[in-house]
Undergrad: 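My questions all concern the structure below.
We count ligands from 1, going down the list as the structure has it; atoms in each ligand are counted the same way.
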Amino acid sequence: MKATDPCVLVIFGASGDLTYRKLIPSIYDLFCQGLLPDCFAVVGVGRSGYNDASFREKVMPGVEEFANKKASLPEKLANFASLLYYCQLDTSNEAEYIKLSEKLKQVDGDCHTGGNYLYYLATPPKLYSIVPFHLAAHGLNKSGSGWKRLIVEKPFGYDLETAKALNRKLLEVFDEHQLYRIDHYLGKETVQNLLVTRFANGIFEPLWNRNYINHIEITSAESVSVGDRGGYYDSSGALRDMVQNHLMQLLGMVAMEPPTVIEANAIRNEVLKVFQSLRPLTPEAVAQNVIRGQYMASRVRGETHKGYRQEKGVPEDSRTETYVAMKFFIDNWRWGGVPFYLRTGKSLPTRVTEVVVHFKETPHKLFAQPGVVSRENQLIIRIQPNEGILMKFDVKMPGQGFVTKQVNMDFHYEELTDAYVPSAYERLLLDAMLGDSTLFARGDAVEAAWEYVMPILDGWKNDPNIPVHGYPAGTWGPESADKLIGNSADTWRYPCKNLADDGEYCLL
Ligand code: BG6
């Protein structure tokens with residue numbers, strides 16, 4: 001749906017990587033599809049000494065490299081570039097925001113945006129509670145002459161206390177309905193499709209509970225290492241970087257009750273209830289059911305990989321986790337007793353995010369064969385890459401007797417050849433322009449997610465007996481993570497690049 005309200009997108013942190021690689025290219029993709037309002041502009045804000053022309057020169061190569069709609073005409077690129085402005089100011093200095101007021105007036109003069117301003121905090125997190133106050137000091141937060149909305153990037157807080165403090169601060173100058181806490185996982189088409197898979201199909205939802213499901217796995221693996229982000233990553237770690245936000249939101253979609261309507265608050269209420277139903281982690285549960293790991297230098301499949309402690313910006317004795325695996329429970333009517341398993345890490349064999357629903361076995365094994373381990377039915381929802389859905393079930397092998405074999409039935413998004421799949425940032429920026437906060441995290445849910453992970457952070461900080469397991473870079477993480485699941489024939493699924501494959505020797 002096209003955004004109809006004229007508006008200005010004001011990006012703080014305009015000279016940063018996020019702006020270059022994601023925000024401006026996504027806006028360009030919206031532009032190419034005619035989804036931006038007729039009157040629209042971007043004002044980049046930052047300390048670096050650009051003007052409108054040099055800012056355009058800086059960011060346009062990013063459009064050519066990272067936008068989806070690459071095959072564009074030169075005049076299209078030029079038309080898009082003319083929508084970009086720059087305002088140089090020191091974001092931490094309140095007095096300088098007068099320059100932003102003036103710039104916005106100038107932009108308004110070029111095209112009447114009606115005072116509708118969408119602010120985007122793509123700055124270092126310490127500015128998240130400063131910029132909004134300086135905007136307020138200049139009246140730039142006030143609705144009345146047009147709407148004002150504020151998108152806040154992750155990380156939202158460093159722990160529960162700082163997340164609460166940030167929420168309190170933001171609410172002093174913006175109302176909750178003006179705040180858009182971004183979690184780009186919620187912008188992924190395949191994450192949203194979880195709602196459709198579950199609630200638009202009569203065949204799945206009746207089985208989606210403790211009566212039919214044995215356990216659920218959520219894996220988000222990355223083959224990349226920390227690379228040159230060591231400085232940031234070492235004070236974050238996988239739990240803060242991936243689990244508290246992206247994976248908890250994904251869990252919310254997998255485990256929530258049906259909302260009464262598809263509307264922001266109805267959906268966000270259900271997600272919050274999932275977080276509130278998580279069984280609190282005791283110190284014993286942290287020690288037994290949460291595994292942390294760190295990748296070590298290795299030579300795997302003929303390739304040499306650096307260890308985490310050799311990365312730029314990482315101390316030689318760092319204990320920061322680059323891998324987390326955990327087992328946990330949701331204590332509610334639907335999920336009572338069903339174990340959930342979650343794992344994420346850097347420098348794993350392949351990049352894959354997926355949800356694996358393991359169904360219970362049939363009550364009686366009519367076709368059991370000596371020495372053959374029967375596998376339960378699985379529904380695999382692939383978030384990325386090779387997006388799709390795979391069902392694993394048994395068939396009879398042709399021939400005498402009843403020899404069974406597990407086979408695949410799969411759907412791949414790429415089969416929808418006429419459908420364009422927007423990037424997560426594209427979708428979320430458009431939603432914010434439309435005033436739709438459904439796919440943004442609400443303050444109470446962010447706090448509930450922090451509340452849940454706090455015992456892990458505390459345990460890791462205070463209990464020296466909880467090890468950081470080393471794992472060779474390029475492998476599936478510490479062996480102790482296997483023991484979290486393995487009291488039966490079950491193991492983690494070891495996914496491959498292609499949705500339908502798994503196992504040790506597949507294409508990674
Ligand atoms: C970011 C994390 O939020 O998400 C990164 O900071 C991580 O460390 C990235 O690589 C993963 O996102 P995606 O969309 O590539 O799965």
Undergrad: Which of the numbered atoms in ligand 1 are below 4.0 angstrom from a heavy atom of Lys154?
TA: 1 (C), 2 (C), 3 (O), 6 (O)
Undergrad: Please say whether the positively charged group of Lys148, taken as NZ for Lys or CZ for Arg, lies over the ring of Phe174, i.e. under 6.0 angstrom from the six-membered ring centre and within 45 degrees of the axis.
TA: no
Undergrad: Mind telling me whether Phe80 and Phe31 have parallel, tilted or perpendicular rings, with 30° and 60° as the class edges?
TA: tilted
Undergrad: Could you check atom 15 (O) of ligand 1 against the protein and tell me its nearest heavy-atom contact, residue, atom and distance included?
TA: Arg351 NH2, 3.3 Å
Undergrad: Got the closest protein heavy atom to atom 6 (O) of ligand 1, with its distance?
TA: Asp241 OD1, 2.6 Å
Undergrad: Any idea which of Glu222, Arg229, Lys188 brings a heavy atom closest to atom 5 (C) of ligand 1?
TA: Arg229
Undergrad: For ligand 1, which atoms sit closer than 4.0 Å to a heavy atom of Lys346?
TA: 5 (C), 7 (C), 8 (O), 10 (O)
Undergrad: Less than 3.5 Å apart, which donor and acceptor atoms pair up between the side chains of residues 10-19 and the rest of the protein, not counting sequence neighbours?
TA:
unit_1: Ser15; atom_1: OG; unit_2: Ser48; atom_2: OG; d: 3.2
unit_1: Thr19; atom_1: OG1; unit_2: Gly13; atom_2: O; d: 2.9

Undergrad: Tell me if a side-chain donor or acceptor on Tyr20 pairs with a main-chain N or O of Gly62 at a distance below 3.5 Å.
TA: yes
Undergrad: With nothing but distance in play, are any N or O atoms of Tyr233 less than 3.5 Å from an N or O of ligand 1?
TA: no
Undergrad: Counting non-hydrogen protein atoms only, what is the nearest one to atom 12 (O) of ligand 1? Give residue, atom name and distance.
TA: His184 NE2, 3.2 Å
Undergrad: Does the separation of the ring centres of Tyr117 and Trp147 fall below 6.0 angstrom?
TA: no
Undergrad: Near His246, which atoms of ligand 1 are under 4.0 Å from a heavy atom of that residue?
TA: 1 (C), 3 (O), 4 (O)
Undergrad: Is the backbone of Ala238 close enough, under 3.5 Å, to the side chain of Glu321 for a donor and an acceptor to pair up by distance?
TA: yes
Undergrad: So which heavy atom in the protein is nearest atom 16 (O) of ligand 1, and how far is it from that ligand atom?
TA: Tyr185 OH, 2.5 Å
Undergrad: My understanding is that only residues two or more places apart in sequence, or in another chain, count here; which of them pass ring pair (Phe, Tyr, Trp, His ring centres under 6.0 Å) with His305?
TA: none
